[in-house]
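Quantities reported herein were computed from a predicted structural model and do not represent experimental measurements. Sequence lines set the chain letters: A, B, ... in the order given, protein chains first and strands last, and positions in each chain run from 1.
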Amino acid sequence: MKSLEELAAIREKMASRLALRENAGEIRIVVGMATCGISAGARPVLNTFVEEVANQGLTGKAVVTQTGCIGICQFEPVVEVFEPGKEKVTYVKMNPEKARKVVEQHIKNGNPVAEYTIGSNQ
Amino acid sequence: MIRAHVLVCAGTGCTSSGSAAVREAMTKELEKHGLQDEVKLVHTGCFGLCALGPIMIVYPEGTFYSRVKPEDVPEIVEEHLLKGRPVQRLIYNDPGEKAKAEEVVTSLNETAFYKTQKRLALRNCGVIDPENIEEYIAMRGYEALGKVLTEMKPQDVIDVISKSGLRGRGGGGFPTGRKWQFAADQPAGKKYVVCNADEGDPGAFMDRSILEGDPHAVLEAMAIAGYAIGADEGYIYVRAEYPIAVKRLSIAIEQAHEAELLGNNIFGTGFNFDIQLRLGAGAFVCGEETALLTSIEGNRGEPRPRPPFPAVKGLFGKPTIINNVETYANICQIILNGADWFNQIGTEGSKGTKVFALGGKVKHTGLVEVPMGTTLREIIYDIGGGIPNGKKFKAAQTGGPSGGCIPAQNLDTPVDYDSLKAIGSMMGSGGMIVMDEDNCMVDIAKFFLEFTVDESCGKCVPCRLGTRRMLDILTRITEGKGEDGDIEKLEALAEDLQNSALCALGQTAPNPVLSTLRYFRDEYEAHIYEKRCPAGVCKALLQYYIDPEKCKGCSLCSKKCPAGAISGEIKSPFKIDTSKCIKCGVCMSTCKFGAVGRK
């Protein structure tokens, strides 16, 4: 280590990986991963969320986790976004492409993608 | 892309309860489900709740699983990691509080065991992978060293440590800043920094857990100390009985070398520092600083008279500072957060936190770190969960063979250096053994004296012979051969030892006897004058008897008795022949009518 900058670079690089262990992030992205969700394709959705959140440098802001069956199996894969002080947003019939858009528009810029929500699909 | 971290404890506690097999099973299961690129398995240091090991934490949820067996792993992978449904039956439930299904504690920090703790020295234990220097750096590792080397003069460093009020965590409680100042004030030339990792108190494992869980914190602090006093070489003296700690330290030193955080020209500032390991053979006396230095020099581990103190004439005759592992573990935090941050924690005379190894008759045995001044009651009841099996608290032993017992009436004493000293015990390195009504205090005193007799190096007469004579008297008392005047003899011997032994091992050896005499003199007297052991521990003083009122004459006890000491006729009360009885207690546990008693 020849300089403090070098040390700082390693710290930055690692911080995003360890953020996972701090329950950090104000926003929680919860992917339904019960049998119904998985068979409808929830795993690629989950992995896309994890990747996109990291790629967009949002690891400190949002955390991606999973949950069991929410009870609306016909709408799987279901993804819910929780933000403190706001109503939760429920996205339905998700796929990796939609996931990328949700990260871009909703998580990053704060505008929920109305067309993917459960309200627009009933 | 990693979406979840599975942390499994790889400290000594969980390793002995089988965490290696759990980790292996996890690796296999993850591969089986093709999850190895999504879920990262991390081996960490000690979480502290050793009684519930092997411990596993799954992030991002922070789900806290306890007593995980290899056969539980497929369920955790299939249910939790694949489907996102935490396995409820394995989630840790606060004992002591009524378990309600909907109130299961999932996160570590919400449990009663962790809620009131303040983890400074243990901050990275159970959080990072101790074998990965980058994870340490992510937690602001080596930032303190960088700050010291680029922004501070050596004297500034010493001033910060002095101002923080940090005192030695090895037991003595000497102000760390003052120690550093002494060494820094010596004329420039070869100086040494030594880390005392020869943790020898029975039941103590604070230092081991820090070395296993966060080895870089100790390396970094030693380099800072080297800069402060003008030393370029350090030694860590660690017990060979700590194989995991030794391995992690070796890996850490190697990684620090590769990253050029040890070696020459660190951070391009021209500062050089290197650290070597020395393995001790496990002699208790080598935890005494002068004996430790003698041992590093390659000689038999025997203490030498002080003064000269090591800060003036230490390792190889050069000025040396020697600090304990836990002391070092606080240094980087103080540098990063400032002296004022640190000295706001704790009490007037004792700043910061202290780690205790909680053991004995307490529900949550394990490792706890609390602010100085926390009461014994909070540690034992709130964090430790109280005494198991509805028994009554009798005393807590702190400071190991050099410390003393704290009785129930002092449960509300704040735990800090000065308060403990005032009630006849000492902080010690942090072993805390809880005893209940079934423990005989004379027997406890005897246990610790047996230990010091074994561990006395024999160099000075008071310790070599004095401890032996005291043990002889105690043995006699527990065998029912105590005489009038024994207590006075013990007290006289104790005083002589305190005044004349060469090193702290001998000077403090009588403490367990003196403190039990102070608070439990009646137990000694019962042994000597009434030939009775109130706790029912000292075998020679016990007598088993059969209550003829309760005995139904079933003959079960006489069939089980290995000594053939019980006889009688069926359907009439049986009798124990005390001359044949070997006091094994089988009759008592066999009897279905509670007719066998002990006095």
Side-chain angles (χ1 to χ4, degrees), chain A residues 1-25 27-39 42-55 59-60 62-70 76-80 96 99, chain B residues 1-7 33-35 37-40 42 44 57-63 78-86 107-109 124 126-129 132-143 145-147 149-151 256 258-263 265-269:
Chain A
M1 209 69 58
K2 285 297 165 220
S3 68
L4 290 178
E5 289 73 36
E6 238 178 289
L7 188 72
I10 298 178
R11 192 168 57 235
E12 301 275 293
K13 179 188 89 184
M14 291 302 293
S16 61
R17 294 191 205 167
L18 289 192
L20 203 57
R21 285 177 219 169
E22 288 174 354
N23 287 348
I27 306 178
R28 278 173 56 230
I29 304 169
V30 181
V31 183
M33 285 280 284
T35 308
C36 48
I38 293 173
S39 57
R43 268 189 72 183
V45 171
L46 174 72
N47 289 331
T48 307
F49 268 111
V50 174
E51 276 162 34
E52 278 306 298
V53 165
N55 290 345
T59 22
V63 59
V64 183
T65 108
Q66 18 170 6
T67 188
C69 180
I70 306 175
E76 292 284 359
V78 173
V79 175
E80 296 190 297
Chain B
M1 194 81 199
I2 298 295
R3 63 173 166 86
H5 286 186
V6 176
L7 275 59
H33 290 91
L35 288 171
D37 297 328
E38 291 176 35
V39 179
K40 187 178 174 193
V42 185
T44 70
I57 300 187
V58 181
Y59 286 106
E61 295 89 355
T63 311
E78 278 159 33
E79 285 296 304
H80 188 160
L81 294 172
L82 218 49
K83 298 182 184 166
R85 289 193 294 238
S107 168
L108 189 65
N109 299 327
N124 285 336
V127 177
I128 63 166
D129 177 353
N132 183 343
I133 190 172
E134 295 199 333
E135 292 208 354
Y136 177 68
I137 291 173
M139 309 307 267
R140 300 186 75 187
Y142 289 104
E143 198 180 316
L145 180 61
K147 179 177 171 184
L149 294 184
T150 55
E151 295 171 21
E258 271 168 31
E260 294 178 70
L261 290 162
L262 282 180
N265 197 19
I266 299 169
F267 286 117
T269 58

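- Partners of A:Glu80 by salt bridge (charged side-chain N to carboxylate O under 4.0 Å, His left out), not counting sequence neighbours, listed by chain and number: A:Lys88.
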query: Does the side-chain contact (heavy atoms from CB on, under 4.5 Å) test come out yes or no for A:Met14 and B:Glu135, once each step is laid out?
result: CA-CA 7 Å; A:Met14 291 302 293; B:Glu135 292 208 354; 3.8 Å; yes

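- Counting heavy atoms from C-beta outward, A:Gln66 and B:Arg85 have side chains that stay 4.5 Å or more apart.
- At a 4.5 Å heavy-atom cutoff, B:Ala256 makes no contact with chain A through either its backbone or its side chain.
- Using a 4.5 Å cut-off on side-chain heavy atoms (C-beta onward), A:Leu7 and B:Ile137 make contact.
- Of the listed residues (B:Leu81, B:Leu149, B:Ile133, B:Val58), the greatest number of heavy-atom pairs within a distance under 4.5 Å of chain A belongs to B:Leu81.
- In this structure, A:Glu6 contributes its side chain and B:Phe267 its backbone to no donor-acceptor pair below 3.5 Å.
- With sequence neighbours left out, B:Thr150 forms a side chain to side chain contact (heavy atoms under 4.5 Å, CB included) with A:Leu4, B:Thr269.
- For a residue to count as touching a neighbouring chain, one of its non-hydrogen atoms must lie under 4.5 Å from one of that chain's; by this rule B:Val127 touches chain A with the backbone only.
- Contact check for B:Glu38 versus A:Arg43: side-chain heavy atoms found under the 4.5 Å cut-off.
- The closest side-chain heavy-atom distance from A:Met33 to B:Leu82 is not below 4.5 Å.
- Taking OG1 of A:Thr65 as the reference point, atom CD of B:Glu61 lies at 4.5 Å (rounded to 0.5 Å).
- The two residues B:Glu143 and A:Arg11 come nearest to each other via the heavy atoms OE1-NH1, 3.0 Å.
- With respect to B:Arg3, the side chain to side chain contact (heavy atoms under 4.5 Å, CB included) criterion is satisfied by exactly one of A:Val31, A:Asn47, A:Val64: A:Asn47.
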